[in-house]
Amino acid sequence: MSNTVTHSIFIFHQTLLCPAVSKYRSKVNSSVIPSNTLYQHKGVNQAPAQAHKFLLSTQFSGNNLCVRKPEFGMGGHQQAPIIAHAVSVDCASPLEQLSENFSLDGNIELQVCVTSSAPGLITQIDIQVSNNIDSLLLHWGVIRDKQGKWVLPSRHPDGTKVYKNRALRTPFVKSGSGSFLEIEIDDPTAQAIEFLILDEAQNKWFKNNGGNFHIKLPLKVKSDKKISVPEDLVQIQAYRRWERNGKQTYTPEQEKEEYEAARIEVFEELARGASIQDLYVRLTDKTSATEVNEPSISETKTIPDELVQVQAYIRWEKAGKPNYSPDQQLREFEEARKELVAELEKGTSIDEIQKKILKGEIKTKVANQLKNKKHFRLERIQRKKRDLMQLINRHVCENIVVEQDIGAPKALTVIEQYSKEREEQNSGLVLNKEIYKLAENDLLVLVTKDAGKTKVHLATGFEFPVTLHWALSRTTPGEWLVPHRSVLPPGSVTVNGAAQTQFTISSSFDPFYKVQSLDIEVEDDTFKGMPFVLLSGQKWIKNNGSNFYIAFGSGRKQIHKDNAYGKGTAKLLLDKIAKLEDEAQRSFMHRFNIAADLIDQAKEAGQLGLAGILVWMRFMATRQLIWNKNYNVKPREISKAQDRLTDLLQNVYTSYPQYRELVRMILSTVGRGGEGDVGQRIRDEILLIQRNNYCKGGFMEEWHQKLHNNTSPDDVVICQALIDYINSDLDIGAYWKTLNANGITKERLLSYDRAIHSEPSFLRDQREGLLRDLGSYLRTLKAVHSGADLESAISYCMGYKSEGQGFMVGVQINPVSGLPSGFPELLQFVMEHIEVTDVEPLLEGLLEARQELRPLLFRPQGRLKDLLFLDIALDSTVRTALERGYEELNNAGAEKIMYFICMVLENVALSSDDNEDLIYCLKGWNLALSMCKSKDTNWALYAKSVLDRTRLALAHKAEWYHQILQSSAEYLGSQLGVDTWAVEIFTEEIIRSGSAASLSSLLNRLDPILRKTANLGSWQVISPVEGVGYVEVVDELLAVQNRSYERPTILVAKSVKGEEEIPDGTVAVLTPDMPDVLSHVSVRARNSKVCFATCFDPNILANLQANKGKLLHVKPTSADVIYSEVKDGELDGVKSTELKGAGSLSPITLARKQFRGKFAISSEEFTNEMVGAKSRNISYLKGKVPSWIGIPTSVAIPFGVFEHVLSDKSNQKVGEKVKILIRRLDKGEFSVLSEIREAVLQLNAPSQLVEELKTKMKSSGMPWPGDEGEKRWEQAWRAIKKVWGSKWNERAYLSARKVKVDHDSLSMAVLVQEVINADYAFVIHTSNPSSGDSSEIYAEVVKGLGETLVGAYPGRALSFICKKQDLTSPQVLGYPSKGVGLCIRRSIIFRSDSNGEDLEGYAGAGLYDSVAMDEEEKVVVDYSCDPLVVDSGFRESILCSIARTGIAIEELYASSQDIEGVIKDGKVYVVQTRPQI
């Protein structure tokens, strides 16, 4: 193993175990803590500055032992090390100052300094508080013995008072911005001082973690004797102090101070009479002093501890890297020493022992039980309990910033329009296209490939004759080769080494415009481009003074035409990127510097600007763009450019919290970079590898030249491929397998500016050195190119240093300061488990590390980007670990899958800017897991609701990605010539590369388990109607709602929101979406006798989609849908009612309502001529329902008022405009519907309307909006006009038109009610609509206002049924999964109440708008603490009240009812009822 051993020890140390330098705090209590660490110490004859160095780097921890690399002497002046066993301390020597820091409350710091002169004299205690509160008192006493009783010393500061003969109280003295107190203790028997601090004015006590502050005092012994302090006891005590202080990393000076403080503590114990054996027992937890094995004098004098440590590491490594207890660690250290002593006794010199260790030739005996890892269980971390609410981010970009209005595309020039038409007609592959701007005209050059020929088409708008002076080129743009005569178009001539061809007027374009064009065809593929100039008369036309040159392959991919005008993008920025792409292709240095220059413009463009940068960088990272083109750049220049870009991104991350997720995604596509030697090491280290391993020719030289010319992320893959090749016993297949798996082919290797032609070919005796050096080199490459690589990210944050001679001399990365206590060990745990099959402990460690890191990501600091790269790497590792662990879940139960879901969901939430919904989903999963463990009978039903909500949250996240990224990908992709397939799947691949895709897979795995456990089946039948029809597959029901199918149709719709209409001719709608059973579309389906059902099984849904175009028979049952194909010969047996298309319907005539002279009426005046059924029903209920049912006070604006206001003189212009628009509407111009609504909003309110409405509202006890100011009345008036205008909303108008409702006769009254800001809202159907069972009530309940129930809000409500004969036993069918609830301030709602609702054969309810004068506030709902979900008693009470309400109203009307209501503070209110249809 030779150099491999020490090198691996060294690399492991510098990668994982160098924690951050933290603030030094010396805590000098004598608590005994078990040791986990072996220590190295120096001899007493060393220089004082190096004495007793505190070596925290040497330790067994988890599954790894880390040992500092031995510092062997070089040359011929090697000093033989001398190891001291004990050091004598003179009791009369002065003691050093001891200090201790505490945090009192928030930013208040306490510092205590203890200074002692010679023994027996005064000890001074200085106490400072970083706050100058007037009323601070020190409540204190001293301790003389182990019983801890306070003694009141006679010597104390001025102003001290005795408190109840039990303590002293001394006031603090102000000192600048703090308070100060000095105490002198002259009692030689005093062992410690104890105190509390009291803010007397606030009666507030400051304590030390709930107890007294305890400060040990230096021992005062009047003696001339010398006490021998064993050095190994000092080391153990130093470890204890380090562990108590959070295992911080100390500077050399702090290590020395800590070591001396430990020595003093051991000395004090010995001075008080403790024996050395007693201390061994206490400090090592031995059961008897005889177990302490003190090294012999010969051993300590001759075996350097550095060698012992290396040998201990080798023993541990051979044993399988087990987890040692503290005792085992000490025994292992001594066993290693014995093995080296045995060699020494054979006559082997220290130098020879050193060489034998490095070659692995020291005979090592390892206990058999240590060789088999299975005897040692995988270590697991203990995750901290955290308040998930503290993880919520609400950084939302409500409005996407667009740089300019690009809704209307700019007018195209003649040549641009010509180019567009030409491209549309072209059937070949577009290789290149350029439009040159020449004074007032354009020149188009379009290069295509068709039937094996390269075709060049040129066109210009010049009015005068133009001649093309041209040639062909095989090498450089400057080469002019005369074309062969077979290539020359008719009429061409050759002149002075070039060809000349006359443009001709194009006959294929608009004759109004004169466009000259010509075509050239080239069959010889060896030609790479065409240089040319134009000649007009005697005038040469050039490209900015140079020749034109068009390449036959621009290096870009096939050009596509998506999003040609850049809608929904930061178009100006993307245009600039496209313009600079040729410059960016020169090298990574150019690309990163250009990106850095564009960051300010991207910020100004907002969310879409940064999305544009992300799209561009990802096109680069996925090799859709050229990385290097004829430009030699030094690696350090690339690294410097990366560093500049990532520094700017770090600043955006700090200053714009709403863009953090986008910034993280950009960083993940860019390497870390780094100024100084980080990039240059790529050049330097490849030379060292070649020199050290004698491989300077062939493949290594070609790769070396490529690295020197332009290093890229491909080099990371190449290096890994070399390592895999060497590890496979030089199997070249392993090399190619790694390359190809990462997208690097032989052709790609040859495409580099410095091509790699050769395959690697190494000798077996080179293997060991190459593996060592390439392993280190891989880390260097990753450090520059792979910012999200976990190992390099850890190294950058934890710091590492290479010392000594040879490879990587002098490389040093400083650790990030302020890292949490124990964080290095946590990262070490992660790296130990990175390839373990059981991924659960790894996932726990990764998430714990992210949680510990999270607070630091919100604090600005210079090294923030290194922390970000670490967090990105941890995030990415969660995904890869889960993918590796899928097999582990094949036979897992629901409990384990739910636990994995919790972990992955936590990971997604930690990476999201707007994560409130995700956090509440996570809380829901934790509750579901708890219910599952406690065997709650409803756990699966509840878990299914959380699963559905989580799916909706992921869908929302995917929609956000698509909204901000896909348009930019399409537009920029078209500008840069990116492969069409890469553009089409851009957003999809972004999603797949994150943890959200892994989470979705876990949900899919759990779903069937939950459905089976909860007896949910594969379907939920909403409208149980049998039918026969032809299958059509659509993305959205909304997109086809206004269609009219000529033949009976079964729609398989991927998306159904809840507010759509059912298209004519539809016999069934089958969807995976989850609209509420009582949503608008569900009611429409039942009223129209259309089968409507939700399918939960993706396999069944896929089978239905595969039947597209076939005739199926669907037959729903209570919990299933049975379907089968119908053959043509079987149609005769199908009922005519089951086989129906869109047919003719009889018109529905409405009685035209007239204005009755009243602008407002009270509920007592509600009649058929004045208001609709909605108002009349609510008036009918008043005084007839039980008193425990509340009915809101109502007034109304009756029929005819709208028409009267429209005809008022003050609204004459509006009235005329509306008439004109209605005439256009009658002619089929449906686009004017929005214009009509907008015109209605311009109406002025007649003063009589205002006065009458005010009078009626006040006399009914309702608040009048105008009393709160004119602005409040304007809000109310606008809401009224919106209700009137909803007569012309698209859904209502087209629905009424479909059933031939006379729209001119449709009148709109307005029901006015005070809004009840509900805790819950409900809808009741007093006969179960899904089963048709009239003996049971069906109801749905949502959090907040009812609009989430009847509107298009994703997710399900809580649903239940209740038998009418037993209203005390409601049965929950499903728990809520809606992500949002609505709430509102005290307000007025204006409800639509038309004469076109609840008609025979047509239910118009819900088509027209009800508008509150104040906007509802969306609140993300946390069901894990909602009593309706978690409190069974509360839930039963509420559901029983709802059921009783339904029965009371049904009995009142003697028919089945459709009832809407709310619950506020436990009381039920009914806001409307209508007959259930």
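Each residue takes its place number in the sequence, starting with 1. The figures that follow rest on heavy atoms only: side chains count, while hydrogens, waters and symmetry mates do not.
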Exercise for review: Can you measure from CD1 (Ile1197) to CD1 (Ile1280) and round to the nearest 0.5 angstrom?
Suggested key: 3.5 Å
**Study point:** Side-chain ion pair, Arg394 and Asp913, N-O less than 4.0 Å
**Key:** no
Check your understanding: Would you find a donor on one side and an acceptor on the other, under 3.5 Å apart, between the side chain of Lys1464 and the backbone of Asn1317?
Key -> yes
Check your understanding: Is it true that atom NZ of Lys1282 has more than 12 heavy atoms of other residues, nucleotides or ligands lying nearer than 6.0 Å?
Key -> no
Check your understanding: How about Phe1202 and Trp1284: are their ring centroids closer than 6.0 Å?
Key -> yes
**Study point:** Side chains of Asn1177 and Leu1181 in contact at under 4.5 Å (non-hydrogen atoms)
**Key:** no
Practice item. Look at atom CD of Glu1415 and say whether more than 12 heavy atoms of other residues, nucleotides or ligands are closer to it than 6.0 Å. Key: no
Exercise for review: Walk me through it: do Glu1417 and Ile1384 pass the test side-chain contact (heavy atoms from CB on, under 4.5 Å)?
Suggested key: CA-CA 6 Å; Glu1417 179 187 356; Ile1384 196 171; over 6 Å; no
Practice item. Evaluate whether atom NZ of Lys1418 has more than 12 neighbouring non-hydrogen atoms of other residues, nucleotides or ligands under 6.0 angstrom away. Key: no
Review point. For Val1069 and Phe1092, which heavy atoms make the closest approach, and how far apart are they?
Key: O-CD1, 3.2 Å
Practice item. Look up atom CH2 in Trp1264 and atom CG in Asp1267, then write down how far apart they are to the nearest 0.5 Å. Key: 8.5 Å
Point to revise | Asp1208 side chain to Val1205 backbone, donor-acceptor under 3.5 Å | key: no
Check your understanding: Taking C-beta and beyond as the side chain, do Val1342 and Pro1376 meet within less than 4.5 Å on heavy atoms?
Key -> no
Review point. Taking the side chain from Ser1179 and the backbone from Ser1175, do they hold a donor-acceptor pair closer than 3.5 Å?
Key: no
Check your understanding: Has the side chain of His1303 got a donor or acceptor atom that lies under 3.5 Å from a matching backbone atom of Lys1287?
Key -> yes
Review point. Would you call the rings of His1204 and Phe1159 parallel, tilted or perpendicular, where under 30° means parallel and over 60° means perpendicular?
Key: perpendicular
Check your understanding: Any cation-pi pair here, Arg1444 with Trp1188, using under 6.0 Å and within 45°?
Key -> yes
Review point. With the threshold set at 4.0 Å, does a side-chain nitrogen-carboxylate oxygen contact exist between Lys1057 and Glu1036?
Key: no
**Study point:** Check: Phe1199 and Gln1154 side chains under 4.5 Å, non-hydrogen atoms
**Key:** no
Check your understanding: How about Val1341 and Ser1359: do any of their side-chain heavy atoms sit closer than 4.5 Å?
Key -> no
**Study point:** Derivation and outcome, salt bridge (Lys or Arg N to Asp or Glu O under 4.0 Å), residues Arg1391 and Asp1409
**Key:** CA-CA 7 Å; Arg1391 300 183 185 275; Asp1409 297 340; over 6 Å; no
Point to revise | Quiz item: cation-pi between Lys1467 and Tyr1469, 6.0 Å / 45° | key: yes
**Study point:** Test item: Ser1079 side-chain N/O and Pro1075 main-chain N/O as donor-acceptor pair under 3.5 Å
**Key:** no
Review point. Any sub-3.5 Å donor-acceptor pair from Asn1395's side-chain atoms to Leu1306's backbone N or O?
Key: no
Review point. Between Tyr1453 and Tyr1180, does the ring centroid distance fall short of 6.0 Å?
Key: yes
Check your understanding: Taking all atoms of both residues into account, what is the closest heavy-atom pair of Ala1448 and Pro1186, and its distance?
Key -> CB-CD, 4.0 Å
**Study point:** Side chain proximity check, Arg1086 to His1325, heavy atoms < 4.5 angstrom
**Key:** yes
Practice item. Give a yes or no answer on whether the side chain of Thr1066 reaches the backbone of Ile1062 with a donor-acceptor pair at less than 3.5 Å. Key: no
Exercise for review: State whether the side chain of Gln1476 and the backbone N or O of Ser1327 hold a donor-acceptor pair below 3.5 Å, judged by distance alone.
Suggested key: yes
Check your understanding: Any Lys/Arg nitrogen of Glu1460 or Arg1474 sitting under 4.0 Å from an Asp/Glu carboxylate oxygen of the other?
Key -> yes
Exercise for review: Identify the two heavy atoms, one from Val1470 and one from Pro1192, that lie closest to each other, and give their separation to 0.1 Å.
Suggested key: O-CD, 3.0 Å
Review point. So, Lys1378 side chain and Thr1348 main chain: donor-acceptor pair closer than 3.5 Å or not?
Key: yes
**Study point:** salt bridge (Lys or Arg N to Asp or Glu O under 4.0 Å) evaluation trace for Arg1356 with Glu1340
**Key:** CA-CA 9 Å; Arg1356 286 275 178 85; Glu1340 293 180 340; over 6 Å; no
Practice item. Give a yes-or-no answer on whether the side chains of Trp1288 and Glu1238 include a donor-acceptor pair shorter than 3.5 Å. Key: no
Exercise for review: To the nearest 0.5 Å, tell me how far Gln1457 CD sits from Glu1450 CD.
Suggested key: 7.5 Å
Check your understanding: Could Glu1274 and Lys1281 be called an ion pair, given the rule that one side-chain N must be under 4.0 Å from one carboxylate O?
Key -> no
Review point. Just by distance, with hydrogens left out, do Gln963 and Glu959 show a side-chain donor and acceptor under 3.5 Å apart?
Key: no
Check your understanding: Under a 4.0 Å N-O cut-off, is there an ion pair linking Glu1165 with Lys1256?
Key -> yes
Check your understanding: Can you name the one residue among Arg1272, Lys1271, Arg1278 that meets side-chain hydrogen bond (donor to acceptor under 3.5 Å, both in side chains) with Gln1275?
Key -> Arg1272
Point to revise | Ser1088 side-chain N/O to Ala1085 backbone N/O, donor-acceptor pair under 3.5 Å | key: no
Check your understanding: How many angstroms lie between atom CG of Leu1311 and atom CG of Asp1393, to the nearest 0.5 angstrom?
Key -> 6.0 Å
Review point. So which heavy atom on Ile1459 is nearest to which on Gly1446, and how close?
Key: CD1-CA, 3.8 Å
Point to revise | Inter-residue atom distance Ile1463.CD1 - Leu1439.CG, 0.5 Å rounding | key: 8.0 Å
Exercise for review: List the steps and the verdict of side-chain contact (heavy atoms from CB on, under 4.5 Å) for Glu1314 and Thr1193.
Suggested key: CA-CA 7 Å; Glu1314 189 172 0; Thr1193 301; over 6 Å; no
Review point. For residues Ser1162 and Glu1164, is any side-chain donor paired with an opposing acceptor at under 3.5 Å?
Key: yes
Point to revise | Val1312/Met1257 under side-chain contact (heavy atoms from CB on, under 4.5 Å): CA gap, chis, key distance, verdict | key: CA-CA 9 Å; Val1312 184; Met1257 290 180 68; 4.1 Å; yes
Practice item. Determine, step by step, whether Met1308 and Val1201 satisfy the side-chain contact (heavy atoms from CB on, under 4.5 Å) criterion, reporting the C-alpha distance in whole Å, the side-chain angles of both residues, the deciding distance to 0.1 Å, and the verdict. Key: CA-CA 8 Å; Met1308 186 73 70; Val1201 172; over 6 Å; no
Check your understanding: Hey, does Ile1449 have a side-chain heavy atom less than 4.5 Å from the side chain of Val1185?
Key -> yes
Review point. Quick one: are Asn393 and Asp914 in side-chain contact, heavy atoms under 4.5 Å?
Key: no
Check your understanding: Which heavy-atom pair separates Met1170 from Ala1309 by the least distance, and what is that distance?
Key -> O-CB, 4.1 Å
Practice item. May I ask you to decide whether Lys1158 forms a salt bridge with Glu1252, counting only side-chain N to carboxylate O separations under 4.0 Å? Key: no
Exercise for review: Hey, could you give me the CD1/OG distance between Ile1389 and Ser1410, rounded to the nearest 0.5 Å?
Suggested key: 5.5 Å
Exercise for review: Look at Arg1152 together with Asp1304 and state whether they make a salt bridge at an N to O cut-off of under 4.0 Å.
Suggested key: no
**Study point:** Closest approach of Ala1292 to Tyr1408 (non-hydrogen atoms, all atoms of both residues)
**Key:** CB-CE2, 3.3 Å
Exercise for review: Kindly indicate whether the side chain of Val1380, heavy atoms from C-beta on, has any atom under 4.5 Å from the side chain of Val1419.
Suggested key: no
